[in-house]
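Report on the following structure.
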Amino acid sequence: MSNNCIYVNWDGHKVKLTWIPTNKLPPLDKVTSVHSICIKGHKVLLVKIKGRGFNHPGGHVDEGETPEQALHREVLEEGYVKGDCEYLGMIEVNQAENPMYDPNGKYPKIGYQLFYSMNITECLPFNRENESISRIWVEPSEVPYVINDHNLVHLILNVALEKRLKT
């Protein structure tokens with residue numbers, strides 16, 4: 001199995017995750033969430049959401065929103081930042097091997113989490129008005145010690161940092 005593909009256990013559900021670096025979007029009805037690697041200077045923004053640990057800002061696409069509109073909304077709601085974003089690719093979330101998959105549930109059997117990189121242009125006061133309770137700025141090398149998530153998140157961070165170096 002390549003390092004772009006892993007299996008995770010999400011609340012007892014065996015799910016296959018595959019990182020797909022691309023500039024093409026999947027069918028929008030299969031997009032389950034959007035996420036951003038937010039960078040200001042040489043630091044990465046991480047947010048702590050109630051009931052969860054630290055992670056990159058992101059969330060679900062609301063009805064009538066484009067993925068990019070949802071991304072800007074989520075980053076503002078969770079991190080209180082604004083900026084310019086660039087699409088990096090997607091994680092395919094495949095539940096074909098999940099014996100607990102519910103075809104009548106909230107998520108498709110194969111869905112997609114879209115990932116962007118954001119160059120932060122404006123940092124607003126952190127008001128804790130939404131679900132985030134804290135934001136921190138960390139060195140990129142420290143992110144794996146702060147985020148307790150699957151390894152693809154760290155791979156995507158490296159993709160974002162490499163793209164930033166090229167500009």
Side-chain angles (χ1 to χ4, degrees), residues 1-38 44-79 85-118 130-136 138 140-163:
M1 187 178 323
S2 78
N3 59 356
N4 286 359
C5 178
I6 62 171
Y7 284 87
V8 294
N9 181 330
W10 284 344
D11 297 324
H13 295 261
K14 179 182 178 182
V15 181
K16 180 180 177 183
L17 305 178
T18 304
W19 167 243
I20 304 169
T22 181
N23 59 2
K24 297 185 191 303
L25 292 174
L28 295 183
D29 64 328
K30 302 292 184 191
V31 174
T32 59
S33 60
V34 294
H35 307 272
S36 184
I37 310 296
C38 298
V44 176
L45 169 68
L46 299 177
V47 295
K48 186 172 185 178
I49 305 300
K50 291 177 189 170
R52 293 183 267 164
F54 281 99
N55 215 321
H56 299 286
H60 293 87
V61 179
D62 289 342
E63 191 170 329
E65 282 184 317
T66 66
E68 196 167 310
Q69 288 169 331
L71 178 81
H72 285 283
R73 176 185 50 77
E74 288 286 350
V75 167
L76 184 59
E77 287 177 0
E78 294 183 358
C85 66
E86 178 182 2
Y87 179 59
L88 301 173
M90 61 186 132
I91 290 179
E92 178 186 84
V93 180
N94 186 326
Q95 301 200 52
E97 299 175 56
N98 177 7
M100 296 173 57
Y101 175 71
D102 178 2
N104 299 314
K106 182 177 179 181
Y107 297 107
K109 186 173 273 191
I110 297 177
Y112 299 92
Q113 298 177 343
L114 307 185
F115 282 81
Y116 295 79
S117 174
M118 178 177 280
N130 299 296
E131 61 187 339
S132 60
I133 56 175
S134 181
R135 75 175 172 196
I136 59 173
V138 299
S141 62
E142 296 300 311
V143 171
Y145 300 101
V146 179
I147 293 181
N148 184 18
D149 208 343
H150 55 78
N151 290 341
L152 294 183
V153 171
H154 308 306
L155 173 73
I156 297 165
L157 170 62
N158 289 333
V159 170
L161 294 170
E162 287 171 12
K163 282 194 173 233

Could you state the interatomic distance from CD1 (Ile49) to CD (Glu78), rounded to the nearest 0.5 Å? 3.5 Å
A side-chain contact here means heavy atoms from C-beta on lying under 4.5 Å apart; do Lys30 and Ile110 qualify? no
Quick check: do His60 and Lys106 have side-chain heavy atoms less than 4.5 Å from each other? yes
Angle class for the Phe115/Trp19 ring planes (parallel below 30°, perpendicular above 60°, tilted otherwise)? perpendicular
Nearest heavy-atom neighbours spanning His72 and Cys85: NE2-SG, 3.5 Å
For Leu88 and Lys163, the nearest pair of non-hydrogen atoms, with its separation, is CD2-CD, 3.5 Å
Side-chain donor or acceptor of Tyr101 paired with backbone N/O of Asn94 under 3.5 Å: no
If I take atom CD from residue Gln95 and atom NE2 from residue His13, how far apart are they, to the nearest 0.5 angstrom? 7.5 Å
Ile91 versus His150: any side-chain heavy-atom pair under 4.5 Å? yes
Closest non-hydrogen contact found for Val146 with Val138 is CG2-CG1, 4.4 Å
Output for pair (Lys48 NZ, Ile147 CD1), nearest 0.5 Å, gives 13.0 Å
Does any part of the side chain of Leu17, heavy atoms only, come nearer than 4.5 Å to the side chain of Trp10, both counted from C-beta? yes
Tightest non-hydrogen contact, residues Pro144 and His154, listed as CA-CE1, 3.4 Å
For residues Pro26 and Leu114, report the shortest heavy-atom separation together with the two atoms involved. CD-CD2, 3.6 Å
How long is the straight-line distance from CD1 of Ile156 back to CE of Met90, given to the nearest 0.5 Å? 11.5 Å
Just by modelled atom types, is the Met100 backbone N or O under 3.5 Å from a matching donor or acceptor in the Asn98 side chain? yes
Closest non-hydrogen contact found for His56 with Val47 is C-CG2, 4.3 Å
Distance check, rounded to the nearest 0.5 Å: Glu68 atom CD versus Ser36 atom OG? 10.0 Å
Test side chain to side chain contact (heavy atoms under 4.5 Å, CB included) applied to Ile136 and Phe54, step by step: CA-CA 9 Å; Ile136 59 173; Phe54 281 99; 3.7 Å; yes
Euclidean distance, Lys109 NZ relative to Asp102 CG, rounded to 0.5 Å: 11.0 Å
Checking Thr32 side chain against Tyr112 main chain: does a donor-acceptor pair fall under 3.5 Å? yes
